[in-house]
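A, B, ... follow the sequence lines: proteins, then strands. Residue 1 opens every chain.
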Number of protein chains: 2
Amino acid sequence: MRRDGKLSRVLHILLHMAEHKGPVTSEVLAKMQHTNPVVVRQIMAGLRNQGYVQSVKGHSGGWTLVCDLSRITLSDIYTALGSPSILAIGNRTEAPGCLVEQTVNTALGQVFSEVEELLLSRLGSVTLDMLSKDLHARLVARGASHNHQQSSHAC
Amino acid sequence: MRRDGKLSRVLHILLHMAEHKGPVTSEVLAKMQHTNPVVVRQIMAGLRNQGYVQSVKGHSGGWTLVCDLSRITLSDIYTALGSPSILAIGNRTEAPGCLVEQTVNTALGQVFSEVEELLLSRLGSVTLDMLSKDLHARLVARGASHNHQQSSHAC
DNA sequence: TCCTCATGTAACTTACAATATTACATGAAA
DNA sequence: TTTCATGTAATATTGTAAGTTACATGAGGA
């Protein structure tokens, strides 16, 4: 099954923006992800609507972070992306009136809800700030203590 | 993303078989699920390999349960199906050397593992027997206390 | 003013995995 | 020996994420 990579992708983008002074264009972000600028804009649209980032058109335009990283959790981001489906397995509903199907779907449905709840709660316990601090620790560990302008995560 | 419905499907099949004396053909099971007999055989192959069901060819052949329902959990079934992917969201690996990507993937990876662990543990806590008892409770609740031969879950 | 840069978005194409179908082989019972 | 049923490979269909194209909008700069 094909897995939705939007969350992973947008976090990569946000961390990059946090390291960068000034706006970043969709084209730069797209190159970083080996994808298309339009895909970047589509993903970022949700974050813009929530006010987490800002986009500016024209010369020296692009995307800028406009939020406090310590106040945004991964579940906020997940929600801004439109809460894509979490589970790759699900219930069939071929015979809605069938008691057997109802039995199965109720049992599985309870398990699935519990799992989704855990996922959201775990995502809610991680802030972007925590990820950013983790990134800096990795940069130091790699010995990449140059200034950020020509930082070592060109990707 | 398209969700894998094998687990839901195979549980429906197993509960049906539990209600039925004697072998059931793939064709009957397929009609019940509004699908194709070949799909049923493919799904059931995994269960047969684990010894949970038996298949017999030719006249009055078909599928039979050959296990104690109280000793088989939903996670056993899930495993017999080949442990299909659980999560619909995942990490991208466009830039494996990138520290940003490593940071993001590590954080998400931990969450994902925890979630998968919970799912397997919850599936492991439900036996087929429990589902079967639940089904009977529903049959009684509907007032379908006729004999099982012409039971009300024709689907 | 006009040109260039950048986003905004709809429409369309591609890629891929789950499901469905076809075709034919195998083997058991009537 | 005919019929019924499974076993399985090969192929087709379908649903969805991702990628692409095309064009509109709007903000500087020459």
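- Applying the 4.0 Å criterion to OP1 and OP2 of D:dT16, one finds that B:Arg3 has every side-chain N and O outside that range.
- Nearer the 5' end of DNA chain D, as judged by each residue's closest nucleotide, is the contact made by A:Arg9, out of A:Arg9 and A:Val56.
- A salt bridge is absent between A:Arg92 and A:Glu101: the closest approach of a Lys/Arg side-chain nitrogen to an acidic carboxylate oxygen does not fall below 4.0 angstrom.
- Residue pairs satisfying the side-chain hydrogen bond (donor to acceptor under 3.5 Å, both in side chains) criterion with at least one member in residues 52-63 of chain B, sequence neighbours excluded, are listed as follows: B:Ser26-B:Trp63.
- Between A:Ser26 and the phosphate of C:dT7, there is a side-chain N or O to OP1/OP2 separation shorter than 4.0 Å.
- Here D:dT21 presents its P atom at 14 Å from CD of A:Gln42, a figure rounded to the nearest Å.
- The distance between atom CD of B:Glu27 and atom P of C:dT21, rounded to the nearest whole Å, is 13 Å.
- Closest to the B:Thr35 side chain, of the nucleotides C:dA20, C:dT26, D:dA22, is C:dA20.
- Considering CD1 of A:Ile13 and NZ of A:Lys6, their distance stands at 12.0 Å, rounded to 0.5 Å.
- In this structure, the side chains of B:Leu29 and B:Gln33 stay at 4.5 Å or more apart for every pair of heavy atoms.
- In this structure, OG1 on A:Thr103 lies 13.5 Å from NZ on B:Lys133, to the nearest 0.5 angstrom.
- Distance A:Ile43 CD1 to C:dG8 P: 14 Å, rounded to the nearest Å.
- Put simply, A:Ser55 has no side-chain N or O that comes within less than 4.0 Å of OP1 or OP2 on C:dT7.
- With hydrogens and angles ignored, a donor-acceptor pair under 3.5 angstrom links the side chain of B:Arg2 to the base of D:dT14.
- For DNA chain C, the residues of residues 59-68 of chain B within the heavy-atom distance limit of 4.0 Å (strictly under) are B:His59, sorted by number.
- Per the geometry, CZ belonging to B:Arg41 stands 14 Å off C1' belonging to D:dA9, to the nearest Å.
- Mapped onto DNA chain D by nearest heavy atom, A:Gly5 and A:Val38 fall at different nucleotides, with A:Gly5 at the one closer to the 5' end.
- In this model, the phosphate group of C:dT19 is approached by a side-chain N or O of B:Lys6 to a distance below 4.0 Å at OP1 or OP2.
- Protein atom CZ of A:Arg92 is 12 Å distant from nucleotide atom C1' of D:dG15, rounded to whole Å.
- Under the 4.5 Å side-chain criterion, counting only non-hydrogen atoms from C-beta, B:Thr127 is not in contact with B:Leu74.
- At least one side-chain nitrogen or oxygen of B:Arg48 sits closer than 4.0 Å to the OP1 or OP2 atom of D:dG7.
- Taking atom CD1 on B:Ile89 and atom P on D:dA17, their separation rounds to 12 Å, with Å as the unit.
- Inter-residue side-chain proximity for A:Ser8 and B:Asn91 is flagged as met; some heavy-atom pair is nearer than 4.5 Å.
- In this structure, the CG atom of A:Asn91 is 17 Å from the P atom of C:dA18, given to the nearest Å.
- Backbone-only engagement by A:Asp4 is indicated by non-hydrogen atom pairs under 4.0 Å involving sugar-phosphate atoms exclusively.
- Put simply, CG on A:Leu135 and CG on A:Leu131 are 9.0 Å apart, with the number rounded to the nearest 0.5 Å.
- With rounding to whole Å, A:Gln54 atom CD is found 11 Å from C:dG8 atom P.
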